[in-house]
Number of protein chains: 2
Amino acid sequence: MHPSLALYAGWVDWCNPWILLATKVNRTPPRQTRDAEATKAKILDAAEEEFAKFGFNGAKTEAIAAKTGVTKAMIYYHFGSKEELYKAVIQRPAEDFVNAFGDLELETMPPEEAVKTVIKVAIAHEISHPHYGRVLLHEAMQNQGQYFKLTGWVNPINRVIAVIERGIQAGIFRPVDPWLAVNHTMGICTFYFNAQANMRNVQPEFEWFTPEAIERFTESAIAMVLAGLKA
Amino acid sequence: MHPSLALYAGWVDWCNPWILLATKVNRTPPRQTRDAEATKAKILDAAEEEFAKFGFNGAKTEAIAAKTGVTKAMIYYHFGSKEELYKAVIQRPAEDFVNAFGDLELETMPPEEAVKTVIKVAIAHEISHPHYGRVLLHEAMQNQGQYFKLTGWVNPINRVIAVIERGIQAGIFRPVDPWLAVNHTMGICTFYFNAQANMRNVQPEFEWFTPEAIERFTESAIAMVLAGLKA
DNA sequence: AAGCTAACTAACAAGTTAGTCAGTAAAAGA
DNA sequence: TCTTTTACTGACTAACTTGTTAGTTAGCTT
């Protein structure tokens with residue numbers, strides 16, 4: 001396993017959504033009676049879940065507060081407004097990802113291995129931040145991506161484009177459109193998680209979150225993308 | 001062009017979003033002073049746009065009414081409730097698609113050609129119903145897909161699975177997991193449209209909706225999926 | 001132990017939103 | 001032409017939502 005995947009070490013064990021909801025990324029120190037940082041983290045967690053479901057407009061501050069155990073006034077005390085809370089929510093996991101991604105030495109890897117690694121990290125991030133992908137989709141659909149640009153996602157995506165361009169120049173990849181290839185790859189990596197509730201109606205028996213299922217999904221995603229790229 | 005694509009005849013000309021918003025599928029007869037069917041259609045159009053942006057919970061009936069030129073009370077007169085309106089919105093383009101898909105003779109086509117056709121029809125549907133895909137995503141994210149099962153999408157998806165299974169048995173396709181392959185394909189076909197507002201921040205110059213861009217996207221999607229499937 | 005301040009609550013004000021209803025006017029029918 | 005039905009409006013209510021504020025308490029400092 002590449003070192004940067006260490007951030008998500010044990011992610012396969014987190015696949016069960018109930019476990020996921022309980023564990024999350026371990027940001028919260030042991031709870032004391034009055035702990036501003038812990039309270040802020042709890043609000044962010046609850047807000048991430050609420051925004052993932054309803055987006056910025058649809059989310060209710062009251063519902064967020066209800067999940068945390070503190071009152072709604074705390075949102076305004078700690079974050080100032082619903083909008084500032086939203087900005088904080090959309091930026092927090094992005095920082096995790098951008099940092100982990102910054103550690104990847106994609107530029108020195110063989111293109112095939114680089115693409116493989118990117119897909120693994122992307123899926124690991126979906127698993128360890130099970131609500132975040134949906135927050136970003138709502139962002140695109142209802143805020144025209146105006147807050148997306150604050151997150152720092154642009155740089156990692158451009159690095160993946162560069163990897164594909166390098167692969168094409170080396171004759172390892174076919175002369176595909178790198179931009180479209182990146183879009184396809186992101187589509188593959190995210191649809192499984194975002195559209196799941198609909199797709200469950202088609203295959204009610206399918207297990208989505210067992211470690212084996214995630215493993216199969218990841219391998220299958222890598223296989224399709226690499227087949228599509230390789231010369 | 002396959003006959004079932006006739007439903008979307010001229011779709012390449014509709015790619016510009018402004019043209020799209022103006023044309024839509026031509027359901028509305030020439031407007032009279034009082035025309036219940038025309039009013040219902042206008043409400044459905046406006047609601048589709050609003051639900052695409054905010055989902056069921058986030059959408060405001062007042063905003064829907066404002067787009068139509070009739071009062072909010074008309075929504076309740078013609079549809080009874082916000083929920084019934086939503087059901088109507090989610091079912092209308094599904095009927096178009098399921099009908100068009102029903103006309104496809106996938107079972108008698110060579111598997112490769114069948115997959116190619118499915119992708120073309122799916123993308124054509126996104127183009128001719130530019131808001132609908134996002135309505136379905138909101139449905140998954142905030143309603144757990146409870147209304148999705150009313151739409152009849154399940155059957156077309158199962159037919160695509162069958163096509164892939166047939167291709168595998170014929171030795172034309174690799175022994176992939178057909179279910180995951182369908183998920184990947186849907187991811188590729190939908191991400192380009194649903195996440196666009198975010199992706200515009202990465203490539204601000206990219207043209208998404210020119211006929212040429214849609215053509216390139218379609219070819220690129222077909223190439224990746226077929227490369228991923230072919231033995 | 002007394003005093004201070006950061007963290008927190010309960011209750012409320014101001015503005016929104018789903019849904020209703022009494023009434024009006026355009027058509028269609030007699 | 002008069003009546004009935006259908007499409008539609010404006011004004012309303014009850015419930016909900018964001019954000020505020022006055023006051024309370026935990027825990028730290030001295």
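Predicted model, so just to flag it, every value in this text is computed and none were measured. Just the heavy atoms: all of them, side chains too, but no hydrogens, waters or symmetry mates, feed the values below. Lettering follows sequence order; numbering is per chain, from 1.
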With a cut-off of under 6.0 Å to the ring centre and 45° to the axis, is B:Lys82 in cation-pi contact with B:Phe56?
->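 Yes, B:Lys82 and B:Phe56 form such a contact.
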B:Thr71 side-chain proximity, nearest of C:dT9, D:dG10, D:dT20 |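 When the side chain of B:Thr71 is considered, D:dG10 is the closest of C:dT9, D:dG10, D:dT20.
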Which of these nucleotides, C:dA18, C:dA7, C:dC8, is closest to any side-chain atom of A:His78?
->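 Nucleotide nearest to A:His78's side chain: C:dC8.
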Residues in side chain to side chain donor-acceptor pair (under 3.5 Å) contact with A:Lys67, at least two apart in sequence or another chain | A:Glu50
If you pin A:Tyr77 and A:Ala73 to their nearest nucleotides in DNA chain C, which one's is more 5'?
-> A:Tyr77
Between A:Tyr147 and A:Tyr86, does the ring centroid distance fall short of 6.0 Å?
-> yes
Please list, chain by chain and in numerical order, all residues satisfying ring pair (Phe, Tyr, Trp, His ring centres under 6.0 Å) with A:Tyr76, sequence neighbours excluded.
->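 Per chain and number, A:Tyr76 pairs via ring pair (Phe, Tyr, Trp, His ring centres under 6.0 Å) with no residue.
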Ring pair (Phe, Tyr, Trp, His ring centres under 6.0 Å) against A:Phe217, all qualifying residues, sequence neighbours excluded | A:Tyr192, A:Phe193, B:His184
Residues A:His129 and A:Asp96: side-chain donor-acceptor under 3.5 angstrom =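 Yes, a side-chain donor-acceptor pair sits under 3.5 Å.
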List in numerical order all residues of residues 135-144 of chain A for which some heavy atom is under 4.0 Å away from an atom belonging to DNA chain D.
-> none
Strand-adjacent residues in residues 55-67 of chain A, judged by heavy atoms under 4.0 Å from DNA chain D =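 Heavy-atom cutoff 4.0 Å gives A:Ala59, A:Lys60, A:Thr61, A:Glu62.
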Check: residues 152-159 of chain B side-chain donor-acceptor pairs under 3.5 Å, at least two apart:
unit_1	atom_1	unit_2	atom_2	d
B:Trp153	NE1	B:Tyr132	OH	3.3
B:Asn158	ND2	B:Val154	O	3.4
B:Arg159	NE	B:Glu107	OE2	3.0
B:Arg159	NH1	B:Phe101	O	2.9
B:Arg159	NH2	B:Leu104	O	2.8
B:Arg159	NH2	B:Glu107	OE1	3.1

Determine the contact category for A:Lys72: base if any of its heavy atoms lies under 4.0 Å from a base atom, sugar-phosphate if only primed atoms, P, OP1 or OP2 are that close, otherwise nothing.
-> base
